[in-house]
Amino acid sequence: MDKNTRTFVNVLAQYVRTAVTVIVSLFITRLVLHALGKSDYGLFMLVGGVVTMLGFLTNAMIVTTQRHLSFYYGKSNKSRVSSIFSNSLFTHIGLGILLFLLLISIMPFLFSDSHKFLNIDAERMDVAKYVYFFSAAGLFVTFITAPFKGMLMAHENIVFISVVEVCDAFLKLVLVLIMTSTKADQLLFYSIILFLVQLLNLLAFSLFANYKYEECILFPKLKYLRINEIKRIFNFAGWTVYSYGCNVFRNQGLNFVYNHFFGTIINAANGLATQVSNSIAFLAQSVLNAFSPRVIKAEGEGDRQAMLRLAAATSKISFLLLSMFAIPLCFEMNGVMNFWLKNQLVPENAVFFSRCVVIASIFDQLTIGLGVANQAIGKIRNYSLVMGTAKIMVVVFAAILLHKGYDVRITMYIYIIIECISAVFRLVYMHLTANLSILEYSKNVFKKCILPTVTLVSVCSLCMLLPDFTYRFCITISSAIIADMLIVYNFGLEKSEKVVFMNLIKRKR
């Protein structure tokens with residue numbers, strides 16, 4: 001399989017994985033909520049949330065490992081790849097142990113009757129502690145899984161990752177169905193389920209990577225330990241963690257600001273918008289996972305211009321695939337929300353907030369590939385400082401404006417504006433640091449995205465002229481997608497990209 005076909009297959013695999021896991025996850029959530037009840041489900045979200053909030057650290061470490069492995073695969077330096085993987089594994093094990101011990105050490109404070117940090121009923125306190133313990137243990141397991149997943153991504157074996165993650169979703173579904181029929185404490189049972197699935201993921205990724213790739217060593221010896229290598233990994237990971245952490249802080253910070261000024265009702269609206277944003281982020285990440293190994297390998301091979309072309313293609317395809325669903329969703333957000341939440345349950349401002357985060361995500365995709373290009377080059381400090389700090393400023397501006405008495409909707413306008421500024425910053429930054437041609441990028445990305453966007457907006461606008469009924473959103477979304485696919489194929493794709501697509505269709509036939 002050639003590189004272009006593999007990339008296309010990887011994008012398709014990630015999209016199928018995203019669709020399946022989102023649908024199964026929604027069904028699992030309904031089953032778990034019914035089985036646990038509102039009280040125990042809330043307890044799980046509260047106690048488990050203390051740990052899962054740190055999940056962004058795992059994503060940052062996967063990105064770090066994959067970047068270094070892909071870079072030296074590009075240089076065809078397998079001995080260096082082995083050294084990076086071994087030291088990355090040492091780093092993850094060490095950090096995982098420290099983080100686990102830290103989380104366990106603060107348990108007395110979190111669950112103390114005197115501090116009342118977590119407001120938990122006395123009769124559920126013991127179960128809450130077990131939930132917390134298994135959540136912390138699960139975080140440790142995902143930390144150790146990161147280097148193996150990074151190895152698979154560096155080899156562009158996205159299909160295997162997608163298969164494991166789909167199996168993960170269905171395994172959870174089966175175990176949750178078993179849980180609903182057991183007489184054991186179902187909250188404790190559910191916590192154990194999640195831990196066991198994470199453990200099985202570790203086994204699947206580690207054993208397959210060890211079998212498939214000789215550079216992957218399950219139990220590296222201490223003689224492979226290189227302090228300089230670990231320092232390099234830590235330096236890159238530190239700024240990556242800062243970027244991911246700023247994103248988490250923005251989302252949680254807005255929640256606190258809204259709660260301070262308006263109470264919990266508006267938190268429900270923002271919570272729904274966050275769920276919509278997370279679903280959009282899954283789609284965007286699918287493209288990045290498929291393209292980033294190739295972008296980084298091109299830089300490792302010393303071909304800067306090929307790397308920049310691939311980064312531009314990443315942005316274009318990410319925008320085209322995301323906007324295909326996102327733009328119709330913006331038009332029909334009210335109908336989708338009412339169908340999902342049964343009309344009377346839709347909180348005020350939920351539709352507006354959700355539209356805004358989707359619009360912000362669409363603008364972000366226009367230069368998203370340049371973030372991967374910057375990772376490939378490896379100079380991420382200044383980039384992370386500007387991009388990460390910009391996200392934090394959303395919270396700062398929101399607090400100031402709401403304090404001055406402005407309407408809450410202005411915070412979402414600030415959210416969109418800062419995302420647009422950040423997208424432009426990527427373009428200027430890569431022009432200054434990597435000699436990216438802004439004119440060439442505009443021709444290959446912006447120009448190719450105009451007609452598909454106009455088509456989507458036009459078709460959706462026409463569909464909105466239809467009478468408003470329950471399932472109108474199905475007509476709008478399906479009509480827009482069909483029209484967009486035709487335009488994208490004829491005007492949005494390069495000739496070489498069309499050849500890859502048609503060859504793959506012929507091969508499947």
Side-chain angles (χ1 to χ4, degrees), residues 3-19 22 158 276-277 279-292 294-295 308-332 355 357-373 419-420 422-424 426-427 440-461 463 476-505:
K3 291 180 179 180
N4 291 330
T5 305
R6 175 180 291 178
T7 302
F8 182 86
V9 169
N10 285 341
V11 172
L12 186 62
Q14 284 283 283
Y15 260 65
V16 171
R17 183 269 299 176
T18 300
V22 166
I158 308 298
V276 171
S277 176
S279 299
I280 293 293
F282 270 124
L283 291 172
Q285 193 62 43
S286 301
V287 178
L288 294 184
N289 288 343
F291 272 91
S292 60
R294 284 195 63 195
V295 174
L308 292 174
R309 284 195 298 273
L310 283 167
T314 304
S315 298
K316 182 185 71 175
I317 292 174
S318 184
F319 176 89
L320 293 174
L321 287 174
L322 187 72
S323 61
M324 186 185 298
F325 300 96
I327 291 176
L329 181 61
C330 281
F331 276 87
E332 287 286 7
R355 277 182 177 142
V357 297
V358 170
I359 291 169
S361 297
I362 292 171
F363 280 115
D364 185 50
Q365 301 315 301
L366 284 169
T367 58
I368 194 72
L370 298 181
V372 180
E419 283 296 317
C420 292
S422 299
V424 173
R426 288 196 193 105
L427 193 60
E440 192 72 20
Y441 187 92
S442 300
K443 284 170 56 181
N444 293 334
V445 180
F446 300 152
K447 185 179 177 181
K448 295 287 186 179
C449 294
I450 291 172
L451 189 56
T453 303
V454 171
T455 300
L456 283 168
V457 172
S458 301
V459 172
C460 291
S461 298
C463 290
T476 303
I477 293 173
S478 57
S479 301
I481 289 174
I482 292 170
D484 186 58
M485 288 175 69
L486 293 172
I487 295 297
V488 166
Y489 181 79
N490 287 291
F491 302 102
L493 298 181
E494 300 292 343
K495 191 173 182 180
S496 58
E497 293 166 343
K498 293 178 185 177
V499 169
V500 170
F501 179 77
M502 294 308 299
N503 285 344
L504 186 65
I505 296 299

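Computed from a predicted structure; not experimentally measured.
Nearest heavy atom pair, residue Val445 against residue Ser315, reads CG1-CB, 4.3 Å. Residue Val358 comes nearest to Cys330 through the heavy atom pair CG1-SG, 3.4 Å, listed as atom of the first residue, atom of the second, then distance. Across all their heavy atoms, Thr367 and Ala423 have their closest contact at OG1-O, 3.0 Å. In terms of heavy atoms, Arg426 sits closest to Gly371 at CD-N, 4.0 Å. Scanning both residues, Leu310 and Arg294, for their nearest heavy atoms gives CD1-O, 3.7 Å. In this structure, Val295 and Ala311 approach most closely via the heavy-atom pair CG2-N, 4.1 Å.
Just one residue in the list Ile317, Ile158, Val372 forms a side-chain contact (heavy atoms from CB on, under 4.5 Å) with Phe291, and that residue is Ile317.
Proximity of a side-chain donor or acceptor of Asn444 to a complementary backbone N or O of Glu440 within less than 3.5 Å is detected. With Ser323 contributing its side chain and Leu320 its backbone, the two residues share a donor-acceptor pair below 3.5 Å.
With contacts defined as side-chain heavy-atom distances shorter than 4.5 Å, the pair Tyr441/Leu308 does not qualify. Side-chain contact between Thr455 and Met485 is absent, with no heavy atoms from C-beta onward closer than 4.5 Å. Side-chain contact between Phe331 and Ser461 is present, with at least one heavy-atom pair separated by less than 4.5 Å.
Rounding to the nearest 0.5 angstrom, the gap separating the CD1 atom in Ile327 from the CD1 atom in Ile481 is 11.5 Å. One distance of note links CD1 of Ile477 with CE of Met324; it measures 13.0 Å at 0.5 Å rounding. One finds the OG atom of Ser292 at 11.5 Å from the CD1 atom of Ile368 (value rounded to the nearest 0.5 Å). Thr314 OG1 to Leu370 CG: the interatomic distance, rounded to the nearest 0.5 Å, is 9.0 Å. To the nearest 0.5 Å, atom CG of residue Leu456 and atom CZ of residue Phe325 are 10.5 Å apart. Here Ile487 contributes atom CD1 and Leu451 contributes atom CG; the two are 5.0 Å apart, rounded to the nearest 0.5 Å.
Phe363 CZ: 12 or fewer foreign heavy atoms inside a 6.0 Å radius.
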